[in-house]
Each structure stands twice: as structure tokens, then as C-alpha cells.
Amino acid sequence: MDILTQQLFNGLTIGSVYSLVALGLTLVYGILHIPNFAHGALYMLGAYVTLTSMLLWNFNYWLAIAISIVVVGLLGVLMERLVFNPLKNAPPIHDKIAAIGILLFLEALAQLVWGADYRTMSTPYGEVVNVFGTTLTMQRVLINVGAIVVMILLYLFLKKTFMGSTIIAMAQNRKGAHLVGINTNKVAMLTFLISGGLAAIAASLSAPINLVFPGMGHLVILKAFVIIILGGMGSVPGAILGGYILGFTESLGATYISNDYKDVIAFVLLIIILSFKPKGLFSKEGF
Amino acid sequence: MPAMTKKSIALIALIIGAMVIPFIIQNEYWLHILTLSFIWSIAVYGLNILAGYTGYLSLAHAGFFAIGAYALGLLTVKVGLNYWVALILACIITSGIGFLIGLIALRTREHFFAIYTLCVGYVIYLVIDKWDSLTGGVRGLIGIPAPSNIGPISFQSATSQYYLILFFLLATVLVMYRIVHSLTGRTFIAIRNSEELAQTIGISTMKNKLTVFVLSTFFAGLAGALYASFIRFIGPDIGYTAIIFDLLTYLLVGGIGTLAGPVVGTILIVSVSQSLQFLQDYRMLIFGPMLTLIIIFYPRGIVGMVSEWKMKWFNKKKKTPAEKWKSTYSDSKDVREDKVKEG
């Protein structure tokens, strides 16, 4: 019983991180119909920017995260402007290849700037707390709370503000949105900004319990793809739900099935789903 | 048709050029690099027929490459089969697995297909990496024999290996040429341009897509098997996703959806990255942006670029139909097909 609660909590933590990454991915997909393979690189850079501003300028953890959000968000915008916007009318295969090019570049860049070593990030929240007999580290609690706060904020932004509604409108129908006077270019940039910001938050929150290295985005991005297929491409609630489902499956699978093959679970799950439902579990109009 | 003869003369000159290279280049290292890039070219041709002509971007090709390599390695090292039997079996095994995967994977389309195959490729890599008792895990497989003799011909020297691989490459190009210029090839292009339309005019898209997928895995497997016997050592790394990104770079630089593209791109990039050895892990700093820039500005790579120039030059000389050509050309990308044939 004890192990079960511990694992459930772990699953919740992993799920939170996955959900945040998948949210960024699903937003971009919803707007531009691009599977942004470079999103994993944004995630990785998010962790590095936070780490650097903490080590180099001795910034406080929260300030470092804020800087990271801005930097990675702007990088996302830059990507949209320089690469995806010119490819607007190109066949879909081109977007994918362009995104892969960016991914390769950013990874090599990170390796050049920060080296290939595995780094650890220290956190001001290292203490251990005891809740109902389970031991939790503060950082893990922080990940959960932080992710939920971010999700609520994102939800409020999308549903309650004018800018948020323009994103939803564009996801529903790009031409229609353009017709009613929405500046689709601006919305696309905004979406990339949010997407990059979400990746930076996810990476900065989870980095203290993982390691920071240039290839850290690989598995996460693949799993995020699994999640958005699970939850429906472009669907926001789907991404959150899918993230937690995958998080729980993985942490339980690692304990009760095999720790070696825990990374395979996600992909096998995806292969099974797509074998039966070639367009994902839910349709994409899921906002 | 003077153009046609000019073309075949050029082609024959190229082949003869490739034949005499071992006599010109005495440096064994460069011969090795050239042979290696021929092997990669075969795999890139496999990718090209699927991604370039049919429009399905498969990211599982490194996995199939690894399956071919491991099939050959295991059959020769652990089972002790004759090399040529093992080579044929390796191709059959890879295409068989490709058939099963294609059966399911091809139900998905566009992005789903790319993501699905990416995951399939990753699973193949993980299975090879973790299945210690069969594949040797991270330690890899050593002692794979070189091709065994056929009658009096032995394949021990670097030069003879070069000719062997060249033979396979030429055979691959020939098969590709025949396919692309046949009705089947036209069918593939029709599927790429619009799957719905292809279906409407009575093309069985699933059957054709499956044929293409199996064909492309066959060439990936062949390249993998040749690689295994050429390098004589294989590790799980050859199935990693980084390899598929390399293959994509070769294909894109050379020209996706063109006949000459794969071999041009592969030889160019492989030799350039050999000259840029000092960059090692950082070569992606150059190749990454190059990939992105090429897809934005020259979606058909070097070969496409050259045929575009040729077209413009040709039009200038003729003058009168230039305007007409230009307008049709900029109107739709499909018109490019006619030029692709020339490449």
C-alpha cells in the first residue's frame, strides 16, 4: 500500500511535467498544424537557461525561471517568424523536416555552449516532508502545485481573455478567424511564445529531480507526441489528461512490470492506439 | 531525341568514372569513405521512394537499417549461414517486418504517420539495445564476416568491396529508375499529390502505399546488411533516431523526390563531414540550419536547383514560351514533376 501511494505520487509528478510539455505542443499543433519536433529542444534550453542564470548570476530560482520563460518563449517566436511562417503554404512534409533541422541545430548549440556533461540543478526546496506516511520532497510537491497553477492560468487565459479567444478561434478555423479581423500572424507568434514558455516552466521545475544534458528533450518530446495523440491533436484538456495517464502508467509500470522497459510503455501504448484509431483517441475539436 | 542520347552518354560517363575511381584514388581511406557513402545512398534511395515520391515521411528507417544489419550479423555469426544466403534472408526479414508494420502504420496519415514511425523506430532501437541475449546489447556484435567468394572472385580487398557496393548501388538506381518511370511510379506520385484524388480515379491507395513501404524497407535492409559486412561490427547506435536525421539530411540536400538526389546528397555530405572532422559533434550546427534553409528555399535540393537553372537557361534561349513556362511553373508545384524526371 505504501509503495502504491508513493508510486501514485510519482506518477502525478511525472504526469505534471508531461502535461506541461504536451500543452505547448498541442497549442502549436492546434493553430498551425505543425508537429513541432523542435519543442524538445526548447524544453532542453529552458532547463539550461534556468541553470545558467542561477549559477552565473546567482539569481533566485524563481527569477531564473522567469528569465527562462522569456528567453525560450522569444526563441519560439523567432522560430515561427523565420521558419514556419515562410513555410505556411508548403506541403506538410516540409514543416516536419524544417522542425527537425531546428532540433538538430539547437541541440548541437547547447552542446557547444554548455558541453555534453550531465549537470545537476540545485533547488532551494530540497527538504523532505511527510504527508500521511509517504515521504515527499518539497520539489516534487512544487512541481505538482506549479503545474496545476499554470494549467489553471492557461485555462483562464484561453477562456476569459480576448487574446485567448483569438487563439481558440484560430484553432477552430484559420480562415474564419482571418475574416473576422484576427491578425493570424500575431496569434501564431503568441502561441509560440506560450508554447516556449510552457516548455521552459516544465523543464525548470523538473530539472532538479532529473539531470540537465543536451539530449534531455528526446524522450520527453516523443512522449509528448504520444500524449497529444492520446488526447487528440490540438486538444488542451486532452493534453492534460493524456499527460497524467502516461505519468501514472509509467510509474506503475516501472514498479510492477519492468524498470528497464518503462520507456517502451509509452510507445507501445501509442502503437496500439494508432493501430485501432489512426486519427488518435479523440477528434481534434476539443478545446 | 538528341537530349536523350546526351543524357545516356553522360550517364555512361558517370558509371565509367565510378569504375575507374579506385585506380585514380590510391588513398584507401577515401575509397572507404566513398564505399560507405554508397551504402548510405542505398538506404536513402529507400527513403526517397517513400518520402519523396509517395509523400509519407517515415522516421523508422534507421530501425529497418538496423534490422537488416542485425539480421545479417546474427545469421552469419550465430547461425553460421553462408554470407549470400544471409544477405538475401536479411532483406527478406526486413521487408517482412516492414510489411507487418506498414500494414498498421499506413492506416495513419501525414503527421500521425511521421510520429507513429518515429515511435516504431525508437521501439526497434530499444529492443535491440535491451535484448542482451540475442543482440549483445550495448556491446554490439563483432566478427561479422566479409562477403564470401563467388567462384574465383574474393571480396577481401578494399577495391573489390568498392566494386561490390557499387554494383548494388547501380542495381538500386536502376530499379528506382524503372519504378519511377513506370505506371506504378506515376501512381505513387499521384498518391503524394492527392490521396483522395488518386482514390477517386480508381487507384487502390493502400495496396500501392504498402508496396512502396515494403520496397523502401527492403532497400533500408539491404543497406544495413551491406553496412554490417563492410564495417564488420555493429552496435545498437545504428538504429538510433540520429541516423534517420542523417539520412534525411542526405536526401534533402541532394533533392527529395529526384532520382539523382540521394547519391549526390550522400556523397557530398559524407565527404564534407569527413573533411570537417574537427567539428565532430558540432557538425549539426551547420547541417541543422542547412536542412531548414534548404527546405524553405530549395525544397528539391541541389538536383532540383540545377534543373531549375537549366530550365531558366533553356527558356531564355527559346524566349517565346518563357512566360508561359514561368506562370505554370509558379502556379503549381506538381508541374515540377516533369522536371524531376530530367534530374
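These numbers were taken from a predicted model, which means no experiment stands behind them. Values below: all heavy atoms of this structure, side chains included; hydrogens, waters and symmetry mates excluded. By convention in this document, chain letters (A, B, ...) are assigned in the order of the sequence lines, proteins followed by strands, and residues within each chain are numbered from 1.
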What part of [X] gets closer than 4.5 Å to chain A, counting heavy atoms only: side chain, backbone, both or neither?
X	value
L59(B)	side chain
Y116(B)	both
A51(B)	both
V120(B)	both
Y240(B)	side chain

Counterpart residues, side chain to side chain donor-acceptor pair (under 3.5 Å), relative to T249(B) (two or more places apart):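 Once residues adjacent in sequence are excluded, T249(B) has no partner under the side chain to side chain donor-acceptor pair (under 3.5 Å) criterion.
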If we define contacts as heavy-atom pairs under 4.5 Å, which of V123(B), L118(B), I115(B), L126(B) has the most with chain A?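 Of the options given, most contacts go to I115(B).
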Contact winner vs chain A - L248(B), L103(B), L57(B), heavy-atom pairs under 4.5 Å: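 Highest number of heavy-atom pairs under 4.5 Å: L57(B).
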Who passes salt bridge (charged side-chain N to carboxylate O under 4.0 Å, His left out) against K209(B), sequence neighbours left out?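 Salt bridge (charged side-chain N to carboxylate O under 4.0 Å, His left out) check on K209(B) returns E195(B).
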With a 4.5 angstrom heavy-atom cut-off, is it the side chain or the backbone of L82(A) that approaches chain B, or both, or neither?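 For L82(A), the backbone is the part near chain B, not the side chain.
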Per-residue contact mode, L87(A) against chain B (heavy atom under 4.5 angstrom):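 The side chain, not the backbone.
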Sub-4.5 Å heavy-atom contacts with chain B: which residues of residues 35-48 of chain A show up?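 If one takes a 4.5 Å heavy-atom cut-off, the residues of residues 35-48 of chain A near chain B are P35(A), F37(A).
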Only pairs under 3.5 Å count here: list side-chain donor-acceptor contacts from residues 284-299 of chain B, not counting sequence neighbours, and write none if there are none.
residue : atom : partner : partner atom : Å
T292(B) : OG1  : A98(A)  : O            : 3.3
T292(B) : OG1  : G288(B) : O            : 3.2

